[in-house]
2 protein chains.
Amino acid sequence: MKRFVEVEQWLKTHGIRLTDQRRLVVRRAVAYLHFTAEELVKDVQEFDPSVARGTVYRTLAMLQQAGMVEKHDFRYGPPNYEVTFAKAHHDHLMCLHCGEIIEFQEPRWERLQDEVATRYKYQLLTHTHKLYGLCAACQGAGDKRLAKPPHLHVEEMVA
Amino acid sequence: MKRFVEVEQWLKTHGIRLTDQRRLVVRRAVAYLHFTAEELVKDVQEFDPSVARGTVYRTLAMLQQAGMVEKHDFRYGPPNYEVTFAKAHHDHLMCLHCGEIIEFQEPRWERLQDEVATRYKYQLLTHTHKLYGLCAACQGAGDKRLAKPPHLHVEEMVA
DNA sequence: TGTTAGTTGAGACTGAGTCTCAAGTAAGAT
DNA sequence: ATCTTACTTGAGACTCAGTCTCAACTAACA
Ligand SMILES: [Zn+2]
Ligand SMILES: [Zn+2]
Ligand SMILES: [Zn+2]
Ligand SMILES: [Zn+2]
């Protein structure tokens, strides 16, 4: 639930210098719902081509550590990132055919999790909960194969 | 809940040839709880050095499609695989410090998931639910930093 | 305005995984 | 048992994402 100014604040109070590059990376990142590192690199470079790839990655890692960005490993392709300040906790439901991602909340789970953690004497820090299936539109269509293909000859069955 | 013979059976009835390589890969895979693709490659090659890396990857992909192997993207490093026949569904709890992985079941979730899927008119196919935290042993130890390091100068805070 | 430690750009580098294709082989047909 | 053919394999080149190195640069603070 932070705003950009607060992000800058956090960086400062943690001995991390505010540079033009970092400001740009953050500002561009918040423009997305979900994005991959490489997408962000391209986006940022459209605004300032001199920004190096490494800088974007470094900034992402930094924000992630600060808990201001989350990394999601969805089913295919490189991980997705998501800016979390200014957003409440939620989990994800993804269509295996078209790739649509729905964000939802389900408070009942969040409670159950603590229960499980306690059961094993774990101190719970984070969690990821992802549901995969076919969205309404994609169920209809005859073609049930995955959009992002598993490379094999075997036909049928979805995962 | 299949046994090896049934796996072979499945392959046959799906027009997939049974080769020595595939047999070996499956037999070695079941020896693990969780393993990475590269680990399996090494393991397999200890038994038969002539087996190519590609073959292991191909076989893994095949088994995954057949639903006999699951791929898990845990927090760090390359994905882990896990043989699922002969094993009931479960989810995972992982210690961010020492990497311990606990498998647990929680039927109440499994039900809630269908509810969510219905809410969005999704046909649910799979899900992954991972909890991350510190195990009893690692909570004590003063050093709360992550085992598998984020590359940055920022100290403190875990994810 | 100087000092200095943190940050950057560029490009080499790594590791995981994929692809290609000629050679080899399982399995059904004869 | 042998033939036939489509499937599978090994080897190595290749791709892509991400990391590392280090000299040059600069934010922050005195
Ligand atoms: Zn949640
Ligand atoms: Zn869809
Ligand atoms: Zn589950
Ligand atoms: Zn631990």
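Quick note on labels: first sequence line is chain A, next is B, and so on, each numbered from 1.
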Original post:
B:Arg17 side chain N/O closer than 4.0 Å to the phosphate oxygens (OP1, OP2) of C:dT25?
Top reply: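 No.
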
Original post:
Taking only N and O in the side chain of A:Gln21, is any of them less than 4.0 Å away from OP1 or OP2 of C:dG9?
Top reply: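 So the side chain of A:Gln21 is within the cut-off, an N or O lying under 4.0 Å from OP1 or OP2 of C:dG9.
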
Original post:
Taking for each residue the nucleotide of DNA chain C bearing the nearest heavy atom, is the 5' side occupied by B:Thr19 or by B:Gly54?
Top reply: B:Gly54

Original post:
Want to settle it: does A:Asp48 or B:Thr36 sit nearer the 5' end of DNA chain C, counting the closest nucleotide to each?
Top reply: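 Nearer the 5' end of the strand: A:Asp48.
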
Considering every strand and a 4.0 Å limit on heavy-atom distances, what is the contact class for [X]: base, sugar-phosphate, or nothing?
X       : result
A:Pro79 : sugar-phosphate
B:Arg53 : base
B:Ser50 : sugar-phosphate

Original post:
Through what angle, rounded to 10 degrees, does the axis of the helix from C:dT1-D:dA30 to C:dT30-D:dA1 turn between its ends, using five pairs per end?
Top reply: 30°

Subject >> Partners meeting ring pair (Phe, Tyr, Trp, His ring centres under 6.0 Å) with B:His90 (sequence neighbours left out) >> reply: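 If we apply the ring pair (Phe, Tyr, Trp, His ring centres under 6.0 Å) test to B:His90, skipping adjacent residues, the hits are B:His92.
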
Original post:
By ring pair (Phe, Tyr, Trp, His ring centres under 6.0 Å), which residues pair with B:Tyr120, not counting sequence neighbours?
Top reply: none

Original post:
Can you find a side-chain donor-acceptor pair between B:His89 and B:Glu110 that sits under 3.5 Å?
Top reply: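 Checked: B:His89/B:Glu110 side chains pair up, N/O donor to acceptor below 3.5 Å.
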
Subject >> No-H, no-angle donor-acceptor pair, A:Arg58 side chain to C:dG9 base, under 3.5 Å >> reply: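 Answer is yes: a donor-acceptor pair is held.
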
**OP:** Just say parallel, tilted or perpendicular for the rings of A:His34 and A:His72, cut-offs at 30° and 60°.
**Re:** perpendicular

